[in-house]
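Some notes on the structure that comes next.
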Amino acid sequence: MKNAATKQDVPAPKHQSFFEDVWDVVRQVPPGRVTTFGAIAKYLGTKMSARMVGWALNAVHYVQPPVPAHRVVNRLGMLSGKAHFNPPSSMQEALEKEGLVIKDDIIQDFDKYFWDPSAELSL
DNA sequence: ATTCTGACCTATC
DNA sequence: TGATAGGCCAGAA
């Protein structure tokens with residue numbers, strides 16, 4: 001299995017791309033709230049698949065300002081990207097610090113803290 | 001240039 | 001009911 005942050009991973013794109021859109025949306029997520037890959041993908045466009053969102057977050061380590069990727073989880077509210085954090089436990093700690101309750105890598109009352117860009121931003 | 005993979009989601013068998 | 005395949009974009013080998 002290829003380990004993240006092993007070599008260069010994914011360098012930040014020089015030109016404006018779909019990646020920056022994802023980061024921009026994630027940065028708009030208010031503290032104590034979480035969003036999902038699918039929500040972001042849907043907000044950017046139906047043609048966008050959730051995979052790309054996750055891939056965009058892969059380059060977050062090289063982006064500034066920093067993106068609160070810990071607020072982005074999968075549809076189940078599971079900390080899927082936990083393993084990609086530094087350290088992995090920092091994701092859960094960051095969320096707990098914001099008042100969220102996490103158990104077994106799953107956000108409790110996830111739907112209550114769920115922040116949908118399509119609904120909140122409502123463009 | 002081609003091939004493969006990746007923090008996912010949805011539909012179908 | 002669980003498992004499998006497809007879809008989308010970008011970057012590395």
Side-chain angles (χ1 to χ4, degrees):
Chain A
M1 180 190 295
K2 185 164 57 181
N3 208 347
T6 292
K7 298 189 294 183
Q8 301 177 341
D9 281 43
V10 183
K14 289 95 180 176
H15 305 287
Q16 180 128 21
S17 64
F18 142 76
F19 283 55
E20 294 194 350
D21 291 340
V22 176
W23 303 328
D24 190 41
V25 174
V26 176
R27 282 189 283 239
Q28 292 180 62
V29 178
R33 294 279 176 148
V34 288
T35 189
T36 65
F37 299 91
I40 297 173
K42 193 159 200 164
Y43 171 71
L44 296 178
T46 52
K47 291 182 176 292
M48 171 55 52
S49 60
R51 258 191 183 180
M52 276 59 272
V53 180
W55 191 244
L57 292 179
N58 229 339
V60 153
H61 298 272
Y62 299 89
V63 178
Q64 290 180 5
V67 179
H70 61 274
R71 295 180 191 148
V72 183
V73 295
N74 63 1
R75 194 189 172 307
L76 303 176
M78 174 175 60
L79 311 185
S80 51
K82 175 192 74 170
H84 292 254
F85 272 74
N86 169 49
S89 56
S90 67
M91 184 176 188
Q92 179 173 336
E93 293 179 2
L95 291 173
E96 290 179 339
K97 190 179 292 183
E98 294 184 355
L100 296 178
V101 180
I102 302 171
K103 180 179 182 179
D104 195 24
D105 294 342
I106 305 295
I107 298 178
Q108 304 304 301
D109 298 318
F110 167 69
D111 57 333
K112 186 167 69 174
Y113 297 106
F114 175 60
W115 183 85
D116 189 352
S118 299
E120 300 297 330
L121 298 181
S122 234
L123 292 182

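All values below come from the heavy atoms of this structure, side chains included, with hydrogens, waters and symmetry mates left out. Proteins come first, then strands; the chains are lettered A, B, ... in the order of their sequence lines, and each starts at number 1.
Listed here is the closest heavy atom pair of A/M91 and A/G81: SD-C, 3.9 Å.
In this entry the distance linking CG of A/L95 with C1' of B/dA7 reads 13 Å, nearest Å. Distance CG (A/L57) to P (C/dC9): 17 Å, rounded to an integer number of Å. For A/W55 and B/dC9, the CH2 to P distance is 17 Å, given to the nearest whole Å. B/dA11 atom P lies 10 Å from atom CZ of A/R75, rounded to whole Å. Atom pair A/D105:CG and B/dA7:C1' shows a separation of 13 Å (rounding to whole Å applied). C/dC9 atom C1' lies 15 Å from atom CD1 of A/I40, rounded to whole Å. The distance from atom CG of A/N74 to atom P of B/dC9 is 5 Å, rounded to the nearest whole Å. When the C1' atom of C/dC8 is taken as reference, atom CG of A/D21 falls 15 Å away, rounded to whole Å.
Among the atoms of the strands shown, base atoms are found under 4.0 Å from some heavy atom of A/A69.
Atom C1' of B/dT10 sits at a distance of 22 Å from the matching atom of C/dA10, rounded to the whole Å. For the P atoms, the distance linking B/dC4 with C/dA5 amounts to 15 Å, nearest Å. One P atom belongs to B/dT12, the other to C/dC8, and the distance between them is 15 Å to the nearest Å.
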Checklist entry - Does the side-chain contact (heavy atoms from CB on, under 4.5 Å) test come out yes or no for A/L79 and A/L95, once each step is laid out? => result CA-CA 10 Å; A/L79 311 185; A/L95 291 173; 3.5 Å; yes

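At the phosphate of B/dT5, neither OP1 nor OP2 sits under 4.0 Å from any side-chain N or O atom of A/R51.
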Using atom types as modelled, flag every donor-acceptor pair under 3.5 Å from a side chain in residues 97-111 of chain A to any protein atom, sequence neighbours excluded.
| unit_1 | atom_1 | unit_2 | atom_2 | d |
| --- | --- | --- | --- | --- |
| A/E98 | OE1 | A/G32 | N | 3.0 |
| A/E98 | OE1 | A/R71 | NE | 3.2 |
| A/E98 | OE2 | A/H70 | NE2 | 3.1 |
| A/E98 | OE2 | A/R71 | NE | 3.0 |
| A/E98 | OE2 | A/R71 | NH2 | 2.8 |
| A/D105 | OD2 | A/K82 | NZ | 2.8 |
| A/Q108 | NE2 | A/I106 | O | 3.1 |

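The backbone N or O of A/A56 lies less than 3.5 Å from a partner atom in the side chain of A/W23, making a donor-acceptor pair. A donor-acceptor distance shorter than 3.5 angstrom exists from the side chain of A/T35 to the backbone of A/W115, with no hydrogens or angles considered.
With distances taken from any side-chain atom of A/F19 to the nucleotides B/dG6, C/dA10, B/dC9, the minimum falls on C/dA10. Ranking B/dC8, C/dC8, B/dA7 by closeness to the A/S49 side chain, first place goes to C/dC8.
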